[in-house]
Amino acid sequence: MVGDGYNEALLHKTILVGDSGVGKTSLLVQFDQGKFIPGSFSATVGIGFTVMLLGDSGVGKTCFLLQFKDGAFLSGTFIATVGIDFRNKVVAVDGVKVKLQIWDTAGQERFRSVTHAYYRDAQALLLLYDITSKMSFDNIRAWLTEIHEYAQKDVVIMLLGNKADVSSGRAVRTEDGASLAREYGVPFMETSAKTGMNVELAFLAIAKELKQRAVQPLDEPRFQIHEYIESQKKKSSCCAFS
Ligand SMILES: Nc1nc2c(ncn2[C@@H]2O[C@H](COP(=O)(O)OP(=O)(O)OP(=O)(O)O)[C@@H](O)[C@H]2O)c(=O)[nH]1
């Protein structure tokens, strides 16, 4: 987590270079997680991709990232993110490794100018609302306007209705999320950072799409992110809302 006195100049970029198989990814994983992951070697695609988590404060962005990264849920008192924070994760996609650097942004309005500066570096954006908060859903249009203003034109966007584990207190119907996503032509699913529902799938779909864009073999059919998500996603069991 970066404090209030956050300064972009303090962020350094280090690039690992060297022949395939010398251990660049293992070095990064050792630095990031303090462990060595043995096993069969698979090559890395590209230089890695940046994914940003966006959405109102409290929708569950930090929990969503921690669930993906560590398989754990942070329950209890809510501590709002200050500025921006990031985690690395390497995912295996069709026999190759794809590195994701995931930026967790602060949803609070007062940090908006900090996060705007990072939009242009993101190849993918996960835009979250909270299915128990109508306001967080209503604000999605404003988030999309902001995205169109600051992000790259070809950025991959995915809409996620988080906290789908909550059985009472639902304020946004699944169909309303799906219909907003259709209107903007973006893939959609409901997720739960608490149970892990669809969390891995969201990142995996993004990784597959980004990998496909980086290396598109001519003889392979194009990866269809909408179809992939529709075929893989788990539906929440609770959706009774009238
Ligand atoms: N039931 C349930 N609670 C969740 C879920 N995800 C997050 N929460 C809770 O929602 C609150 C906010 O979660 P955070 O992940 O900190 O929210 P955030 O979007 O990162 O908020 P900012 O950092 O302010 O932008 C916490 O109390 C979490 O425990 C979920 O999937 N289900």
Side-chain angles (χ1 to χ4, degrees), residues 1-6 50-89 100-119 122 124-144 146-147 150-151 157-174 176-177 188-204 206 229 233-241:
M1 197 174 292
V2 183
D4 261 335
Y6 166 80
T50 305
V51 182
M52 253 176 118
L53 298 175
L54 296 173
D56 279 8
S57 178
V59 297
K61 297 180 297 297
T62 301
C63 291
F64 192 83
L65 175 53
L66 293 180
Q67 176 62 252
F68 175 60
K69 182 77 188 4
D70 305 326
F73 176 65
L74 260 192
S75 57
T77 343
F78 161 49
I79 305 166
T81 303
V82 173
I84 198 155
D85 188 18
F86 78 92
R87 301 283 153 104
N88 294 307
K89 180 139 172 165
L100 299 178
Q101 186 171 81
I102 307 152
W103 294 85
D104 175 20
T105 64
Q108 288 178 10
E109 189 80 40
R110 65 197 173 107
F111 297 114
R112 232 28 86 73
S113 58
V114 174
T115 48
H116 284 165
Y118 289 90
Y119 275 64
L125 303 171
L126 294 180
L127 178 55
L128 281 77
Y129 65 88
D130 170 355
I131 61 134
T132 69
S133 160
K134 179 79 165 57
M135 187 188 274
S136 73
F137 179 68
D138 291 342
N139 284 338
I140 288 294
R141 285 181 192 279
W143 279 106
L144 285 162
E146 204 159 281
I147 288 169
Y150 294 99
I157 304 168
M158 191 183 291
L159 181 65
L160 303 174
N162 192 39
K163 305 196 188 179
D165 59 278
V166 179
S167 48
S168 62
R170 174 181 278 267
V172 185
R173 295 183 308 180
T174 308
D176 293 338
F188 164 75
M189 64 188 149
E190 289 193 340
T191 60
S192 168
K194 186 172 184 175
T195 65
M197 183 183 103
N198 291 333
V199 173
E200 188 138 351
L201 174 61
F203 287 104
L204 197 61
I206 290 288
I229 285 173
K233 75 181 176 190
K234 292 189 180 60
K235 308 260 187 326
S236 62
S237 50
C238 52
C239 301
F241 182 85

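In listed order, ligands and their atoms are each counted from 1. Numbering of residues begins at 1 and proceeds along the displayed sequence. This is a predicted model, so every value here is computed, not measured.
- Taking atom 21 (O) of ligand 1 as the reference point, the nearest protein heavy-atom neighbour is Gly58 N, 2.9 Å.
- Scanning both residues, Asn198 and Lys233, for their nearest heavy atoms gives OD1-CA, 3.6 Å.
- Arg173 and Glu190 are not joined by a salt bridge, as no carboxylate oxygen comes within less than 4.0 angstrom of a charged side-chain nitrogen.
- Nearest protein neighbour of atom 8 (N) of ligand 1, counting heavy atoms only, is Lys163 CE, 3.6 Å.
- Every atom of ligand 1 with a heavy atom of Gly107 under 4.0 Å away is listed here by number and element: 22 (P), 25 (O).
- A donor-acceptor pair under 3.5 Å links the side-chain atoms of Asp130 to the main chain of Thr132, judged by distance alone.
- Every atom of ligand 1 is numbered from 1 in the order shown, and the set under 4.0 Å from a heavy atom of Val166 is 1 (N).
- Legend: residues meeting ring pair (Phe, Tyr, Trp, His ring centres under 6.0 Å) with Phe203, ordered by chain and number and at least two apart, are Phe64, Phe68.
- Under 4.0 Å from ligand 1, not a single heavy atom of Thr195 appears.
- Asn139 and Asp56 share a donor-acceptor pair across their side chains, judged by distance under 3.5 Å alone.
- Residue contacts with ligand 1: Leu65 is excluded, as none of its non-hydrogen atoms falls under 4.0 Å.
- We find the CZ-CD distance between Phe86 and Gln101 to be 4.5 Å, quoted to the nearest 0.5 Å.
- Side-chain contact between Leu127 and Leu160 is absent, with no heavy atoms from C-beta onward closer than 4.5 Å.
- Checked by distance only, ligand 1 and Thr81 come closer than 3.5 Å through their nitrogen or oxygen atoms.
- For ligand 1, the atoms lying closer than 4.0 Å to a non-hydrogen atom of Asp56 are 19 (O).
- Using a 4.0 Å cut-off to heavy atoms of Asp165, the atoms of ligand 1 that qualify are 1 (N), 2 (C), 30 (C), 31 (O), 32 (N).
- For the residue pair Ser192 and Asp165, a side-chain donor N or O sits within less than 3.5 Å of a side-chain acceptor on the partner.
- The shortest side-chain heavy-atom distance between Ile206 and Met158 falls under the 4.5 Å cut-off.
- Backbone and side-chain nitrogen or oxygen atoms of Thr62 are examined, and one is located within less than 3.5 angstrom of a nitrogen or oxygen of ligand 1.
- Selection from Phe111, Phe78, Tyr129 by nearest heavy atom to atom 16 (O) of ligand 1 gives Phe78.
- Residue Ser192 has at least one heavy-atom neighbour below 4.0 Å for each of these atoms of ligand 1: 31 (O).
- For the residue pair Val59 and Ser136, the shortest heavy atom distance occurs at CG1-CB, 3.7 Å.
- Of all the heavy atoms of Phe73, the ones lying under 4.0 Å from any atom of ligand 1 belong exclusively to the side chain.
- Listed by number with element, the atoms of ligand 1 under 4.0 Å from a non-hydrogen atom of Ser57 are 21 (O), 22 (P), 24 (O), 25 (O).
- Here's the thing with Gly60: one of its N/O atoms is less than 3.5 angstrom from an N/O atom of ligand 1.
- Atom 29 (O) of ligand 1 has Leu74 O, 3.1 Å as its closest protein atom, hydrogens excluded (heavy atom only).
- Compare Lys194, Lys61, Glu190 by their heavy atoms: the one nearest to atom 25 (O) of ligand 1 is in Lys61.
- Considering only residues two or more places apart in sequence or on other chains, Arg112 meets the side chain to side chain contact (heavy atoms under 4.5 Å, CB included) condition with Glu109, Thr115, His116, Trp143, Glu146.
- Between Cys63 and ligand 1, an N or O atom pair is found at a separation short of 3.5 Å.
- Using a 4.0 Å cut-off to heavy atoms of Ala193, the atoms of ligand 1 that qualify are 6 (N), 30 (C), 31 (O).
- Of all atoms in ligand 1, listed by their number and element, those nearer than 4.0 Å to a heavy atom of Asn162 are 5 (C), 6 (N), 31 (O).
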Item to check | Step-by-step side chain to side chain contact (heavy atoms under 4.5 Å, CB included) determination, Ile157 to Leu144 | outcome: CA-CA 9 Å; Ile157 304 168; Leu144 285 162; 4.3 Å; yes
